[in-house]
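Encoded as structure tokens, the structure appears first; notes follow it.
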Amino acid sequence: MHTTALVLFSGGQDSTTCLADALSRFERVETLGFEYGQRHRIEMDVRHTVREALCERFPQWASRLGEDHLLNVDALSQLGGSSLTQEVAFAMQADGLPNTFVPGRNLLFLTLAGALAYRRGLQVIVTGVCETDYSGYPDCRDDTMKAMQLALSLGLDRRLVIETPLMWIDKAQTWAMAHRLGGDALVDMIVEHTHTCYLGDRVHRHAWGYGCGSCPACALRQAGWERYKGA
Ligand code: ZN
């Protein structure tokens with residue numbers, strides 16, 4: 001029986017839903033974020049707000065939520081070429097992947113998460129990757145996660161489990177999952193405080209939260225929200 005977890009937490013809708021899910025199931029939950037020269041620092045700011053809001057509105061979870069960790073992964077921006085870390089427009093690459101793809105990012109994140117889980121004595125790594133809405137990112141695939149779980153467990157000589165609660169659900173179902181976990185209070189908190197927009201827009205407020213309303217991340221969040229509300 002696993003009782004402790006490390007949640008990869010960016011302050012977005014997906015990882016916040018994963019964090020709430022982990023808090024409902026594990027006795028001790030710690031969070032991990034990464035700084036890698038993102039174009040916008042907003043993600044870093046909302047992480048704290050979201051953690052505080054979760055503790056405030058859900059006292060039963062507050063006692064379970066442990067330390068927050070932030071690791072610097074500057075090497076990713078040194079590699080260059082991604083619209084997430086450079087001021088270039090979003091586009092599709094010749095290989096069919098969007099240029100928001102940062103090659104190796106999730107592999108690196110999971111390796112660091114494994115090392116931290118080892119140090120902190122945490123048994124399960126939780127990540128919000130998803131094959132349903134994944135834009136074709138190969139490092140979000142279920143097979144990639146299974147391979148990483150095996151590689152980490154062997155390489156660290158300790159059984160580590162990688163859990164992916166969102167792997168087979170879409171954005172509408174992610175909103176529904178938040179509602180199951182924490183009702184309207186959690187859905188409202190996610191709308192108000194989590195951040196998804198690639199452009200870092202915290203000015204324009206929509207029914208589904210803040211964002212530019214036109215980047216691929218906003219489009220996905222909005223479409224999911226509309227299907228969720230229409231369902
Ligand atoms: Zn946007």
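Order of listing sets the numbers, starting from 1, for every ligand and every atom in it. The figures that follow rest on heavy atoms only: side chains count, while hydrogens, waters and symmetry mates do not.
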* Asked: Can you tell me if Thr31 and Asp68 form a side-chain donor-acceptor pair at under 3.5 Å?
  -> yes
* Protein N/O/S atoms closer than 2.8 Å to the Zn ion (ligand 1) -> Cys197 SG, Cys212 SG, Cys215 SG, Cys218 SG
* By the rule that ILVMFWY residues connect when side-chain heavy atoms come within less than 4.5 angstrom, directly or transitively, which residues belong alongside Met44? -> Leu70
* Asked: Is it true that Glu30 and Arg120 make a salt bridge, defined as a side-chain N closer than 4.0 Å to a carboxylate O?
  -> yes
Per-pair distances, 0.1 Å, donor-acceptor, side chain in residues 147-156, under 3.5 Å, sequence neighbours excluded:
from	atom 1	to	atom 2	distance (Å)
Gln149	OE1	Ile162	N	2.8
Ser153	OG	Gln149	O	2.9
Ser153	OG	Leu160	N	3.0
Ser153	OG	Leu160	O	3.1

* Asked: Relative to the ring of Tyr228, is the ring of His179 parallel (under 30°), tilted (30 to 60°) or perpendicular (over 60°)?
  -> tilted
* Structure fact -> Residues joined to Val203 in its hydrophobic cluster, side chain to side chain under 4.5 Å directly or through other members, sorted by chain and number, are none
